[in-house]
Amino acid sequence: MRVVSGIQPTGNLHLGNYLGAIKQWVAMQDAMPEGDDCLFFLADLHALSQPVIPAELNAHNTEMAATLLACGIDPKRAILFNQARVPAHSALHWILGGTARMGWLGRMTQWKDKAGKKGETQSVGLFTYPVLQAADVLLYQATHVPVGEDQKQHLELARDIAVKFNTDYGDTFTLPEPFISKAAPRIMSLRDASAKMSKSDPSDASRINLVDDDDTIAGKIRKAKSDADGLPGEVAGLAERPEARNLVTIYAALAGVTPDAVLAQFAGQGFGAFKPALADLAVATLSPIRRRLVQNMLTREIVTEALEHGAERAAALAAPTLAAAQAAVGLQV
Ligand code: TYM
């Protein structure tokens, strides 16, 4: 088993990242049998697909790594690194660029959403972004890739690229399986339950950031969009109530129970009772993470050492697959 996943080091982690991805990363790391590897990385090369402030890029890497450690990633058990420090990602990206087809990339919903009608003015990197993502996982012969649902299409593309490469040049890559959280595949905005919770939403009230203080968390939950009805006894009763469903999903994912168990507890009660309980649960989960994050930022060497050591280990694991891919296409290096 080889677990690989990444996150962009742009700005803060939010509750969607935490429940949809990072919580799974930590659980998989903790359950990993001796001898198998988990690799988690900061996708700083991907960040270049949008304009960046150079002085901030590395600071964001450190902050994001400190946050991941605060969430429970343990550098003794998982390999934590930033993508740019392992040049094999870029090298394999270029090779796979010869295999990926324009049509496949043009169909990516993330490209269509971000490029909109202004595709011509977007960076080439934004278009080829999923090819780099394929390189990220294929480079390590990943078997499982824990992500939120929004990344599923990119991983299906990684499989398509692997299948075509293996067919054209001989078996080189393992086909990776997306591993999507059942509890929190897609956490929605607190202001608009038709949009996912996202760091690029201009409204800060739409998301709970892992650095928000207790009062801010409680205030955002108090103001979250909901409705005037009482909660039903079963999930089926939330079908036409996207805001209510999102808040119940968040509660269930935080508590580690099913939405039906949450509804069994709150059936018949309104949001006046439910929201304070949700706020207490969110604060109880997030405030210890925030405290550890502050501590990690004070003892920064631990973070930078973890990243350096992680990159060395990742580079060693990447080397044989890059060499195999180069040999398969006939490159002499
Ligand atoms: P990124 O940085 O946007 O998000 C990191 C992880 O958080 C998940 N996520 C969510 N899950 C549930 N609900 C939400 N509202 C929500 N928002 C974000 C994402 O699905 C993701 O798992 N392209 C990737 C980074 C990447 C990567 C990779 C991932 C680069 N290479 C290789 C896996 C494998 C991204 O931008 O994720």
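Note that these values count all heavy atoms, side chains included, but never hydrogens, waters or copies made by symmetry. Whatever order the structure lists them in is the order used to number ligands and atoms, beginning at 1.
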If the cut-off is 4.0 Å to any non-hydrogen atom of [X], which atoms of ligand 1 fall inside it?
| X | value |
| --- | --- |
| Val145 | 33 (C), 34 (C) |
| Tyr129 | 23 (N), 24 (C), 35 (C), 36 (O) |
| Val137 | 32 (C), 34 (C) |
| Gly20 | 11 (N), 12 (C) |
| Pro185 | 12 (C) |
| Lys199 | 2 (O) |

In the protein, what heavy atom is nearest to [atom], and what distance, to one decimal place, separates them?
| atom | answer |
| --- | --- |
| atom 37 (O) of ligand 1 | Gln151 NE2, 3.9 Å |
| atom 31 (N) of ligand 1 | Asp136 OD2, 2.6 Å |
| atom 28 (C) of ligand 1 | Gln133 CG, 3.4 Å |

Touching ligand 1 at all, [X]? Heavy atoms, strictly under 4.0 Å?
| X | answer |
| --- | --- |
| Gln83 | no |
| Ala142 | no |
| Ser198 | no |

Next item on the list: Classify the angle between the aromatic ring planes of Phe81 and Phe41 as parallel (below 30°), tilted (30 to 60°) or perpendicular (above 60°).
Entry: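 Tilted, since the angle between the ring planes falls between 30° and 60°.
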Next item on the list: Report the relative orientation of the aromatic rings in Tyr129 and His154; use parallel for angles under 30°, tilted for 30 to 60°, perpendicular for over 60°.
Entry: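 Plane angle between 30° and 60°, so tilted.
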Next item on the list: Using distance alone, with no hydrogens and no angle criterion, decide if Asp213 and Thr216 have a side-chain donor and acceptor under 3.5 Å apart.
Entry: yes
Check: Does a donor on one side chain sit under 3.5 Å from an acceptor on the other, for His46 and Gln83?
Finding: yes
Flag [X] as yes when one of its N or O atoms lies below 3.5 Å from any N or O atom of ligand 1, and as no otherwise.
| X | result |
| --- | --- |
| Asp150 | yes |
| Gly6 | no |
| Gly16 | yes |
| Ile187 | yes |
| Met197 | yes |
| Lys196 | no |
| Glu149 | no |
| Asn17 | yes |

Notebook entry, point to check: Should Asp201 and Arg207 count as an ion pair when the cut-off is N to O under 4.0 Å?
Noted result: no
Check: Relative to ligand 1, is Val147 under 4.0 angstrom through side chain, backbone, both or neither, heavy atoms considered?
Finding: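 Val147 to ligand 1: contacts from backbone and side chain alike.
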Checklist line | Ile22 contact mode with ligand 1 (heavy-atom cut-off under 4.0 Å) | finding: neither
